[in-house]
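Since the structure comes first, as structure tokens, the remarks are kept for the end.
Numbered from 1 within each chain, the chains take letters A, B, ... in sequence-line order. None of the values given here were measured: they were computed from a predicted structure.
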Amino acid sequence: MCCFGETRWLSSAPMSVRVRFAPSPTGHLHIGGARTALFNWLYARHTGGQFVLRIEDTDEERNTPEAINVILEGLRWLGLDWDEGPAGESKGNRGPYFQSQRGEIYARHVEALKAKGLAYEHEGAIRFRMQREAITIPDLVCGDVVRELTDREQEQPDFVIVRSDGKPVFHLVNVIDDLEMGITHVIRGEDHLSNTAKHIALFRALDAEPPAFAHIPLILNSDGSKMSKRDDGASLDGWQQTHCVPEAVVNYLSLLGWSPKDDSQVMPMAEIIERFDLPQINRANARFDVKKMQWMNYEHLRNLPMPRYRQLASEAGMDFGDAAEDYIEAALVTCQNKVKQISDLPDYCRFYFTDAFEYDEAMAAKAFAPENKEGFAKLRELFANLESFEPELTETALKALAEELDVKIRALVMPARCACTGVKIGPSLYDLMAVLGRDRVLARFDRALARMDESGEG
RNA sequence: GACCCCUUCGUCUAGUGGUUAGGACACCGGCCUUUCACGCCGGCGACACGGGUUCGAGUCCCGUAGGGGUCGCCA
């Protein structure tokens, strides 16, 4: 009994799994497409199978190197590596992986269909002789779906597989590619469910057993409407550009239409791979929730190893000036669990890397009020003579002084914070002063004291 | 017009005939606290509707409504 526990997936995937993601280059990677890629990738990694990337670049209008690159870069950014597909030169031996280069393969199959009498020419185009009876689609997510012909299909059941200009259409090339590439599981959006009857008929006509199908629910806007590229959060580029943590996007997307069936929310990639499987996929469409995505991003952001956090900060445009590495890291440590998104970081920790900052006037007006001056001046002298500038020491000293002077702690903290950072919010005061170092803190105190003198006299 | 899928808090979801219907995000209180966060405690808040089946239905069946998808010489 114990021996079989670790290989339970074998029961649902007896043969080596081969899945694919087949995007068309539109100039951006839709979040729904990214999720489809993710589910395929997760299934491949979970089962130890192969993840194939195939570019459906038959639409010459939109087919540009840049558009293809957007997809490749998006997948790489998410960490979804492919075992076969484009990669400088293609990798894998079932290629080519661009449909634009597979014309001969399609032509060969079309000829075979015509020879068998299953396809025929009609007004210059070639139509497939589609069966008129209902087709049952065995779907791993939706169960057996019996697809009847629609009224329009009853008028003309034979659909076009090659246009009159000689170009094969999507349904045909999709099926031929899946067949030729040995795809075992087709995991794709539910928008393809109805069309799957055509695909099954095509597989049979090609003397092939159709692969297993798993149609996953769609991702909708927050108002339930169909998500298009203009909508909030709809394009992966947006999340890339705001320097989100890719693992957070993966984590959030994995929870849309799939559930680990317990209360797990934040999970590392390895755990998602371990737990992901087809039976836990939902049937209902999900709505994209920007707020929860941002929360997920923060959860991953605050747990990032410092080197990666530092790198992300740089990518987000953080200017560290000529600060030493130790100093940079010490500064970032005080920010990492406070900053919600990396794009907020530059403003949040600017004071660490420049002395030339203005005071926030609303803050300064209160912090540098005349009644705070005497205590603050004493705090400066106290700090000047402290043994060291460790947070524990400065905190103890400050609190002791507050008690001695019989003032609230904030009467000392606020001017100190304003003097050091210029703003109301920021890292822990004692931590930030330790990073800044005594000399710098004292200099900033003096600058603040000078200003308090001015306002006191004026 | 036809065909197909779906329907639990605002959102993501758990729930496979008997639960005070659970968790997460969001929102609202409180505690903690030098700020902002975090954390902790608490609150708000859902089984679309109508019929069945059953001792008993969010769970099974039928219908209605609503949402989504598809029916192209787009992919």
Given [options], which nucleotide is nearest the side-chain atoms of [X]?
X        : options             : result
A:Leu256 : B:C12, B:C73, B:C4  : B:C12
A:Ala286 : B:C71, B:C73, B:C12 : B:C12
A:Gln265 : B:A24, B:A26, B:C3  : B:A24
A:Trp295 : B:C4, B:G15, B:A24  : B:A24
A:Thr150 : B:A75, B:C73, B:C71 : B:C71

Answer yes when [X] and [Y] have at least one side-chain N-carboxylate O distance shorter than 4.0 Å, and no when they do not.
X        : Y        : answer
A:Lys424 : A:Asp360 : no
A:Glu153 : A:Arg147 : yes
A:Glu403 : A:Lys408 : no

What is the distance, rounded to the nearest whole Å, between atom [atom1] of [X] and atom [atom2] of [N]?
X        : N     : atom1 : atom2 : answer
A:Ile219 : B:G68 : CD1   : P     : 16 Å
A:Ile137 : B:G69 : CD1   : P     : 17 Å
A:Glu121 : B:C73 : CD    : P     : 15 Å
A:Glu153 : B:C4  : CD    : P     : 11 Å
A:Arg152 : B:U70 : CZ    : P     : 13 Å
A:Glu190 : B:C5  : CD    : P     : 9 Å
A:Phe288 : B:G10 : CZ    : C1'   : 17 Å
A:Arg188 : B:G68 : CZ    : P     : 22 Å

Using purine N1 to pyrimidine N3 plus N6-O4 or O6-N4 for Watson-Crick, or N1-O2 and O6-N3 for G-U wobble, each under 3.5 Å, what pairs with [N]?
N     : value
B:C3  : B:G69
B:U20 : none
B:C27 : B:G43

For nucleotides [N] and [M], find the distance between their [atom1] atoms and express it as a whole number of Å.
N     : M     : atom1 : value
B:C60 : B:U16 : P     : 11 Å
B:C5  : B:A37 : P     : 48 Å
B:G50 : B:G45 : C1'   : 25 Å
B:A57 : B:C25 : C1'   : 30 Å
B:G22 : B:G68 : C1'   : 28 Å
B:G10 : B:C28 : C1'   : 14 Å
B:C9  : B:G15 : C1'   : 14 Å
B:G30 : B:U35 : P     : 15 Å

Counting only side-chain nitrogens and oxygens, does [X] get under 4.0 Å of the OP1 or OP2 atom of [N]?
X        : N     : result
A:Arg163 : B:A75 : yes
A:Asn282 : B:A14 : yes
A:Lys292 : B:U11 : no

| field | Along RNA chain B (nearest heavy atom to each residue), the more 5'-positioned of A:Leu220 and A:Lys291 | value |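 Closest to the 5' end, via its nearest nucleotide, is A:Lys291.
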
| message | Let me spell it out: for each of A:Cys142 and A:Met293, pick the nucleotide of RNA chain B with the closest heavy atom. Which residue's pick is nearer the 5' end? | response |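 With A:Cys142 and A:Met293 compared, the 5'-side residue is A:Cys142.
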
| field | Test side-chain hydrogen bond (donor to acceptor under 3.5 Å, both in side chains) applied to A:Glu271 - qualifying residues, sequence neighbours left out | value |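 Expected list: A:Arg275.
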
So [X], base contact, sugar-phosphate only, or nothing? Heavy-atom distance under 4.0 Å.
X        : answer
A:Gly257 : sugar-phosphate
A:Ser164 : base
A:Lys198 : sugar-phosphate
A:His192 : base
A:Arg147 : sugar-phosphate
A:Glu56  : sugar-phosphate
A:Val146 : sugar-phosphate
A:Asp191 : sugar-phosphate
A:Glu123 : base

| Heavy-atom distance under 4.5 Å between the side chains of A:Lys399 and A:Ile409, does that happen here? |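 They are in contact (side-chain heavy atoms under 4.5 Å apart), so the answer is yes.
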
| task | Validate the cation-pi geometry between A:Lys198 and A:Phe159: distance from NZ or CZ to the six-membered ring centre under 6.0 Å, angle to the ring axis within 45°. | result |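 Yes, a cation-pi geometry.
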
| For the side chain of A:Asn285 and the base of B:G68, is some donor closer than 3.5 Å to an acceptor across the two? |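 There is none.
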
| Side-chain donor/acceptor of A:Ser194 to base of B:C71, under 3.5 Å |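 Not at all, since no donor on one side and acceptor on the other fall under 3.5 Å apart.
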
| field | Rounded distance [0.5 Å steps], NZ in A:Lys292 versus CG in A:Leu256 | value |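 If we round to the nearest 0.5 Å, A:Lys292:NZ and A:Leu256:CG are 9.0 Å apart.
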
| query | What orientation do A:Phe445 and A:Phe376 show, parallel under 30°, tilted 30 to 60°, or perpendicular over 60°? | reply |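 Tilted.
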
| Do the ring centers of A:Tyr430 and A:Phe389 come within less than 6.0 Å of each other? |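 Ring centres of A:Phe389 and A:Tyr430 not closer than 6.0 Å.
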
| task | Taking all non-hydrogen atoms of both residues into account, name the closest pair between A:Ala201 and A:Phe128 and its distance. | result |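 Of all heavy-atom pairs spanning A:Ala201 and A:Phe128, the closest is O-CZ, 3.7 Å.
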
| request: Check side-chain contact (heavy atoms from CB on, under 4.5 Å) between A:Glu361 and all other residues, then give those that pass, not counting sequence neighbours. | output: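 Per chain and number, A:Glu361 pairs via side-chain contact (heavy atoms from CB on, under 4.5 Å) with A:Tyr359, A:Ala364, A:Arg451.
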
What N/O pairs connect the protein and nucleotides 34-41 of chain B at under 3.5 Å? Give each pair on its own line.
{"residue": "B:U34", "atom": "OP1", "partner": "A:Lys399", "partner atom": "NZ", "Å": "3.4"}
{"residue": "B:U34", "atom": "O2", "partner": "A:Arg417", "partner atom": "NE", "Å": "3.4"}
{"residue": "B:U34", "atom": "O2", "partner": "A:Arg417", "partner atom": "NH2", "Å": "2.7"}
{"residue": "B:U34", "atom": "N3", "partner": "A:Leu429", "partner atom": "N", "Å": "3.2"}
{"residue": "B:U34", "atom": "O4", "partner": "A:Ser428", "partner atom": "OG", "Å": "2.7"}
{"residue": "B:U34", "atom": "O4", "partner": "A:Leu429", "partner atom": "N", "Å": "3.4"}
{"residue": "B:U35", "atom": "O2'", "partner": "A:Lys424", "partner atom": "O", "Å": "3.2"}
{"residue": "B:U35", "atom": "O2", "partner": "A:Gly426", "partner atom": "N", "Å": "2.8"}
{"residue": "B:U35", "atom": "O2", "partner": "A:Gly426", "partner atom": "O", "Å": "3.0"}
{"residue": "B:U35", "atom": "N3", "partner": "A:Arg417", "partner atom": "NH2", "Å": "3.2"}
{"residue": "B:U35", "atom": "N3", "partner": "A:Gly426", "partner atom": "O", "Å": "2.8"}
{"residue": "B:U35", "atom": "O4", "partner": "A:Lys338", "partner atom": "NZ", "Å": "3.1"}
{"residue": "B:C36", "atom": "N3", "partner": "A:Lys338", "partner atom": "NZ", "Å": "2.4"}
{"residue": "B:C36", "atom": "N4", "partner": "A:Lys338", "partner atom": "NZ", "Å": "3.1"}
{"residue": "B:A37", "atom": "O3'", "partner": "A:Lys340", "partner atom": "NZ", "Å": "3.4"}
{"residue": "B:A37", "atom": "O2'", "partner": "A:Tyr298", "partner atom": "OH", "Å": "3.2"}
{"residue": "B:C38", "atom": "OP1", "partner": "A:Lys340", "partner atom": "NZ", "Å": "3.1"}
{"residue": "B:C38", "atom": "O2'", "partner": "A:Arg302", "partner atom": "NH2", "Å": "2.6"}

